[in-house]
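Values reported hereafter were calculated over all heavy atoms of this structure, with side chains retained and with hydrogens, waters and symmetry mates removed.
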Amino acid sequence: MTPPSHDWRELVVLQAATRWDGVRFHDRQLAERLAAYAPVLYVEPPVSPRRARALGCDVPSRPTLRHEAPGLARLTSVVVPFPTRPGVSAATARLTRAGVRRAVSELDATVDVVIGTSTEISLYGMGERLRAHWAQDSFVDNAELIGQSERRLARALDRIADEAEIVVAANPIVAEQWRRRGLPTELIPYGADVELFAAAGTLAPACPVTLPGPIAAFMGHLGERIDYRLLHAVADRGVSLLLIGPRHPRAPHDALTSLLARPNVQWIDQQPFEALPSFLGSVDLGLVPYSDMPFNVASFPLKTLEYLAAGCGVVSTDLPATRWLDTHLIVATPPAPEAFADAVAAALAVPGEPGTMARRRAFAAQHSWDVRASAFADAIGIDPIEDRNQAVMAGGTRA
């Protein structure tokens, strides 16, 4: 479907790391809010029809441009099978770039900024004013986890360093890595959908939470990033433990299976993103039981802010992102089972004080996606659309 009439000049091309449909990940959250500053083309990761069928995705048979909201369009890129394999990745890049150029032409757009995220495909060279790289993870440190060659990723980062003019980093560790390369780098972590999670306590969950209170919860993929020793230690104290999220194939089978078998542990499988606040309404404490693996150290656990936005307390392993948030509302512990369980028990034992929930939500509001989009827009040099329209009406020009 061709987007309806709209002024697509000064277009921001956002190369997303995740698909549009399904969970509203950080790419989509940012795109939806950046559309208040400039028209946005959301370029989904290229996928082959075969892979789409395996994932259960509704992907068309050829590149398709869709209208999602005023000033926000989505491009679905369809490519050959095994698109990231050596030798095939070059063809994937050519097909993706060609699809983006067609979409820009169909929109009758001029490209102002290209925001790249991929180590495989460069979308720069569309006549843009600015080439930005959104550094979401420390790829080389996590090559084994994501199943890619460390040497190949290192070469890709060298290419990005040559092409990008500014880096926006999602984590303090990642920001420092790019600063050491000498690139202008802005630290803008992920944000939280504060309005959505503020509804916690006002919505009935789709399936009942059967645990007695107080309840500590983990929300997210039950995968290899979690230190299950910490959750077992919490359960050993008799704490009611709610786990919300899908079981990942790479999760340690025995550790997870034995945890789920405990009588004081309830598991609720994957839920729609919009339904998560309804479960947090029953929760007193949110947990971030991450191990100190490189991927976690160089990450920004968004669930930390989502717990706070829902009014819950937080106990997290001590991560650079947690230290950056710098608030007493988050209890940070070493990734040691007894220390983590002690912190959880102590947090649940403290009676709720008047105003505590409001303070948590107010803190989360300082880190909303609206706040992050404003910082992102400043970093790439774009003003809100209504401000630019007023400047044009007043006879001014954009700096």
Any donor-acceptor pair under 3.5 Å from [X] side chain to [Y] backbone:
X	Y	value
E128	M126	yes
D284	I215	yes
Q15	T117	yes
R159	T119	yes
S282	L280	no
H26	R28	no
R97	Y124	yes
W267	G245	yes
Q271	P246	no
S368	V371	yes

Taking the ring centre of each residue, are [X] and [Y] less than 6.0 Å apart?
X	Y	value
Y228	H232	no
H133	W178	yes
F197	F273	yes

Inset, instruction - List the steps and the verdict of salt bridge (charged side-chain N to carboxylate O under 4.0 Å, His left out) for E10 and R129. - result: CA-CA 9 Å; E10 299 186 338; R129 168 184 59 85; over 6 Å; no
Inset, instruction - May I have the step-by-step check of salt bridge (charged side-chain N to carboxylate O under 4.0 Å, His left out) for R250 and E224, ending in yes or no? - result: CA-CA 6 Å; R250 287 200 295 267; E224 70 272 43; 2.8 Å; yes
Inset, instruction - Indicate if V288 and I330 have the same hydrophobic cluster label, given that clusters are the connected sets of ILVMFWY residues with side-chain heavy-atom separations under 4.5 angstrom. - result: yes
Inset, instruction - Would you tell me whether S77 and E44 have side-chain atoms, one donor and one acceptor, within less than 3.5 Å of each other? - result: no
Legend entry - R225 NZ/CZ over Y290 ring centroid, <6.0 Å and within 45° of normal: yes
Inset, instruction - Starting at CG of L14, measure out to CZ of R74 and round the result to the nearest 0.5 Å. - result: 13.0 Å
Answer yes when [X] and [Y] have at least one side-chain N-carboxylate O distance shorter than 4.0 Å, and no when they do not.
X	Y	result
D7	R9	yes
D342	R237	yes
D269	R247	no
R262	D236	yes

Inset, instruction - Return the orientation label for the W324 and F300 ring planes: parallel under 30°, perpendicular over 60°, tilted otherwise. - result: perpendicular
Legend entry - Sole candidate of E32, E68, E306 that passes salt bridge (Lys or Arg N to Asp or Glu O under 4.0 Å) when paired with R24: E32
Legend entry - R229 vs D227, salt bridge (charged side-chain N to carboxylate O under 4.0 Å, His left out): CA-CA, chis, key distance, verdict: CA-CA 5 Å; R229 301 174 305 151; D227 188 338; 2.8 Å; yes
Legend entry - Residue E195 excluded, over 12 heavy atoms near CD under 6.0 Å: no
Inset, instruction - Mind running side chain to side chain donor-acceptor pair (under 3.5 Å) on N264 and S240 for me, showing each step along the way? - result: CA-CA 5 Å; N264 58 327; S240 291; over 6 Å; no
Inset, instruction - Determine, step by step, whether R102 and E106 satisfy the salt bridge (charged side-chain N to carboxylate O under 4.0 Å, His left out) criterion, reporting the C-alpha distance in whole Å, the side-chain angles of both residues, the deciding distance to 0.1 Å, and the verdict. - result: CA-CA 6 Å; R102 284 194 297 271; E106 188 172 340; over 6 Å; no
